[in-house]
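Order of appearance sets the numbers: ligands from 1, and atoms from 1 within every ligand.
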Amino acid sequence: MHIAIIMDGNGRWALRQRLPRTAGHKAGADAVNAVVEAAARRRVSTLTLYAFSSANWQRPATEVTGLFALFKRYLHTQTSRCLEQSIRLNVIGRRDRLSPDLLSLIESSERATAQCSGMRLRIAVDYSAQHSLLEVCRRLRPTDDLDRSRFVERLAEVDHAALPAPEVDLLIRTGGEKRLSDFLLWECAYAELYFVDCLWPDFDERALDEALDEYERRDRRFGRIDESRLASTGHG
Ligand code: FPP
């Protein structure tokens, strides 16, 4: 199962506690640790977290700097935790605008966990699905013979994804907004969407279970008709 999460609401969480926004992001990073471990325990195969969208560069410089300091700290402290739990870490998104020290941390975390066979943890940093899709198109040559699986391989290349991404099964967005915000637009074609008011720093193992319970109740038809239902209503 592939779960993707838009971790929204750090700023509002901080405001409610009368703290600076950066404190909200720090609490958000703690929630990341808890949710990653909970997802791995539930044998989720891929977890993709939206940590920094390409649009987030427009935020005040102090907030952006604070967020990148958190990403570096995360890679520093959590790579060994990932190894212990056999979690394979991969940062997806653009790399041309990241600092050399963050880039080298990313590369060393990815190298260290490359052989891990458990959950795939993908952290999206400077990520924009529209940019990725456009970039695949830009790199096409007239002789390219594209089909879905080759397209997904190209997308993985552009995104610096270690492996082509499986389709998203469940997309969770915290913080009450109901939009995709340029996240995994191709991969979410048939995702079940789950929007919850809970602010990201408050999202925990129990909240994840509630999302998974709701997902279990969804009827995923992928455009098909459920023939057993037709038969049971006598219209089959
Ligand atoms: C959106 O909330 C959240 C972000 C732009 C940053 C997400 C970052 C983290 C959860 C922490 C660091 C992550 C890792 C992987 C270590 P917002 O600030 O837009 O919230 P608001 O809508 O309440 O203002």
Counting non-hydrogen protein atoms only, what is the nearest one to [atom]? Give residue, atom name and distance.
atom: atom 11 (C) of ligand 1; value: His25 O, 3.4 Å
atom: atom 7 (C) of ligand 1; value: Ala51 O, 3.4 Å
atom: atom 3 (C) of ligand 1; value: Met7 O, 3.1 Å
atom: atom 9 (C) of ligand 1; value: Asn10 ND2, 3.5 Å

If we only consider heavy atoms of [X], is any one of them less than 4.0 Å away from an atom in ligand 1?
X: Gly9; value: yes
X: Glu177; value: no
X: Asn56; value: yes
X: Arg59; value: yes

* Asked: For ligand 1, is any non-hydrogen atom under 4.0 Å from Arg21's backbone (N, CA, C, O), its side chain (CB onward), both, or neither?
  ->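 The part of Arg21 near ligand 1 is the side chain, not the backbone.
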* Taking heavy atoms and a distance under 4.0 Å, where does Trp200 meet ligand 1: side chain, backbone, both or neither? ->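 Side chain only.
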* Donor on one side chain, acceptor on other, Asp8 and Thr174, under 3.5 Å ->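 Side chains of Asp8 and Thr174: no pair found under 3.5 Å.
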[Y]/[X] salt bridge by N-O under 4.0 Å criterion:
X: Arg150; Y: Glu153; result: no
X: Glu135; Y: Arg94; result: no
X: Glu167; Y: Arg148; result: no
X: Arg42; Y: Asp209; result: yes
X: Arg206; Y: Asp204; result: no

* Are Phe68 and Phe71 an aromatic pair by the rule of ring centers under 6.0 Å? ->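 Yes, the ring centres sit under 6.0 Å apart.
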* Among Phe71, Phe52, Phe203, whose heavy atom sits nearest atom 14 (C) of ligand 1? ->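 Result: the heavy atom closest to atom 14 (C) of ligand 1 is in Phe71.
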Taking N or O atoms only and a 3.5 Å limit, does [X] qualify as a polar contact for ligand 1?
X: Gly11; answer: yes
X: Asp8; answer: yes
X: Tyr74; answer: no

* **Arg218, CZ: over 12 other non-hydrogen atoms inside 6.0 angstrom** =>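 Yes - once you tally the heavy atoms of other residues, nucleotides and ligands closer than 6.0 Å, there are more than 12.
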* Where Asp169 and Arg220 come nearest, the two heavy atoms and their spacing ->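 In this case the closest contact between Asp169 and Arg220 is OD1-NH1, 2.9 Å.
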